[in-house]
Amino acid sequence: MKRLLILAAVAAALVSCGTNRSEVLKVYNWSDYIDESVLPEFEEWYKAQTGEDIKVVYQTFDVNETMLSKIEKGHEDYDVVCPSDYIIERMLNNGLLIPLDFASIPDEINYIELNKSPYIKGIFDEINPDINANDYAVAYMWGTTGIIYNTEKVTPEEAGTWDIIRNPKFSGQILIKDAPRDVYCPVLIYLKQKELKQGTVTMQDLMKDSSDESLAAVEAYLKEVKDGVLGWEADFGKEQMTKGRGVISLNWSGDAVWAIEEAAEVGVSLDYIVPEEGSNFWCDGWVIPKYARNVKAATYFIDFMCRPDIAIRNMDETGYVSANGAMEVLESQIDEEYDPIDLSYFFPGADSVCVNPVLYPDRNVIERCALEHDWGADTDKLLAMWSRVKGENASGMTYVVIFLAVAAIAGAAIYNNSRKKRRHRKNR
Ligand code: N2P
């Protein structure tokens with residue numbers, strides 16, 4: 001928060017000191033989602049490529065919805081932002097994105113074209129059948145939603161089903177991502193197991209299902225779960241898990257990689273699983289919103305993010321897996337410590353490679369996951385449901401405190417008033 005305020009002040013200062021806006025690049029990205037040392041390197045690289053100065057103003061958000069509202073409602077002039085798939089879809093549907101002009105970048109440094117993963121390109125093709133998301137977005141990181149668990153307290157069988165979040169054994173020790181869509185989808189998949197097995201619905205149907213009936217079912221389930229929730233977290237869950245303060249965390253695969261590594265250093269053993277019922281997989285991508293004011297630098301920035309060495313540094317720093325399809329990226333992750341997995345869906349020919357399976361999911365994990373989709377106006381129903389679920393978490397206690405505070409203020413006012421009246425009478 002403090003960092004955000006400082007950055008906002010720097011941004012305001014730069015603009016008010018008369019710095020030419022064409023020399024400023026405003027980047028708005030998820031927190032903990034980049035190796036920040038690449039930012040000054042971009043400034044140097046941009047100067048070398050174009051002969052122009054650029055100053056990156058870097059700001060972060062915790063969840064998609066915060067970012068979206070700044071652009072959709074606030075019309076903020078970020079030059080490049082990093083939404084997830086279903087938000088890219090929404091931004092496309094609402095005409096909020098500018099098509100990317102990569103032809104403007106010289107071929108020899110066109111890292112986007114050089115390293116495009118056909119797999120991810122296919123995912124972006126799926127985002128919107130009418131508008132090709134590949135013309136508007138370049139994938140950055142991707143992964144799954146699953147369960148991080150403490151292996152000393154939870155068995156893989158227990159963590160291998162979404163039912164774990166209401167398992168009374170772990171009550172009070174569960175952290176849940178404060179990301180409504182990424183919680184709604186797995187819970188709905190869990191609740192619709194029977195229908196999925198019977199083939200009366202598909203995972204893809206569920207990703208688009210914003211019916212009142214499904215919303216009510218997920219709401220009821222979450223209300224059952226919430227008394228056992230230690231925290232609804234946007235970004236502190238991974239750290240809590242490393243400190244042994246939570247036993248289970250409904251979280252993203254990249255936070256899992258980060259947490260597993262950090263925890264190992266302090267003797268806490270964590271693991272990550274995508275429950276057997278299935279889940280969502282997601283892909284975040286760089287886009288240029290229509291209120292951007294430095295499209296050229298934004299285009300170069302997106303390109304720079306696709307340079308394999310930069311992609312590797314961002315992966316190593318954050319725990320997330322790059323959408324970059326360069327073999328160099330795969331080679332940097334090979335580690336004989338892991339059992340071989342089938343990654344040929346992502347890197348053609350790589351059907352048995354030793355890489356961290358939390359980072360790159362095996363083909364069979366991917367096969368039980370699906371991509372989320374924009375719900376349009378129904379999104380408001382989800383957000384209302386989410387705040388009902390979380391709001392009630394503050395429960396009666398909040399109302400008691402508010403009631404006591406109001407009663408105290410009213411009492412003090414009545415007392416002061418009657419004292420004044422007494423004094424007034426006395427003085428007469
Ligand atoms: C990292 C956020 C990752 C975004 N803090 C997952 N979609």
Side-chain angles (χ1 to χ4, degrees), residues 1 3-4 7 27-36 38-39 58-70 78 80-91 120 123-124 126-127 133 137-148 175-186 207 231-242 246 249-262 272 274 279-287 305 311 313-324 358-361 365-366 369-374 379 382 386:
M1 188 62 189
R3 196 170 51 173
L4 207 71
L7 285 167
V27 181
Y28 196 29
N29 188 16
W30 297 80
S31 53
D32 298 341
Y33 215 32
I34 203 165
D35 175 347
E36 289 194 24
V38 306
L39 300 176
Y58 186 75
Q59 296 183 19
T60 60
F61 58 86
D62 286 330
V63 288
N64 273 305
E65 287 69 19
T66 311
M67 181 276 303
L68 180 68
S69 140
K70 289 238 180 144
Y78 294 111
V80 54
V81 303
C82 190
S84 299
D85 35 66
Y86 69 101
I87 299 285
I88 296 177
E89 180 176 355
R90 181 183 175 107
M91 293 177 100
I120 298 283
I123 289 178
F124 272 24
E126 222 190 283
I127 287 185
V138 171
Y140 178 52
M141 303 279 190
W142 65 288
T144 54
T145 302
I147 296 283
I148 310 177
L175 292 153
I176 296 199
K177 223 7 126 198
D178 193 359
R181 279 301 289 275
D182 293 351
V183 176
Y184 176 90
C185 289
M207 295 288 139
W232 304 88
E233 57 89 21
D235 225 21
F236 61 82
K238 56 181 189 281
E239 206 173 342
Q240 296 282 306
M241 290 297 288
T242 66
S249 166
L250 189 163
N251 215 319
W252 298 310
S253 46
D255 277 20
V257 171
W258 186 93
I260 292 167
E261 283 170 9
E262 293 285 314
Y272 173 81
V274 175
S279 185
N280 64 296
F281 73 92
W282 48 264
C283 185
D284 303 332
W286 297 111
V287 295
M305 289 296 118
R313 275 163 62 191
N314 288 335
M315 279 176 85
D316 291 346
E317 177 67 24
T318 64
Y320 280 87
V321 59
S322 169
N324 196 304
V358 179
L359 199 57
Y360 284 103
V365 172
I366 286 298
C369 291
L371 202 67
E372 291 172 8
H373 282 281
D374 176 34
T379 303
L382 174 75
W386 192 247

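In listed order, ligands and their atoms are each counted from 1.
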When you check the side-chain N and O atoms of Arg181 and Ser84, is any donor under 3.5 Å from an acceptor?
no

Do Trp282 and Tyr320 have ring centroids that are under 6.0 Å from one another?
yes

Partners meeting salt bridge (charged side-chain N to carboxylate O under 4.0 Å, His left out) with Asp255 (sequence neighbours left out)
Lys177

Run through Trp30, Tyr272, Trp142 and flag the one making a ring pair (Phe, Tyr, Trp, His ring centres under 6.0 Å) with Trp252.
Trp30

Looking at every non-hydrogen atom in both residues, tell me the closest pair between Asn314 and Met305 and how far apart they are.
ND2-SD, 3.7 Å

Given side chains that start at C-beta, do those of Cys185 and Met207 come closer than 4.5 Å, heavy atoms only?
yes

Please tabulate, one line per pair, the protein N or O atoms found under 3.5 Å from any N or O atom of ligand 1, giving the distance to one decimal.
from     : atom 1 : to     : atom 2 : distance (Å)
ligand 1 : 5 (N)  : Ser31  : O      : 2.6
ligand 1 : 5 (N)  : Asp235 : OD1    : 3.4
ligand 1 : 7 (N)  : Asp284 : OD1    : 3.4
ligand 1 : 7 (N)  : Asp284 : OD2    : 2.9

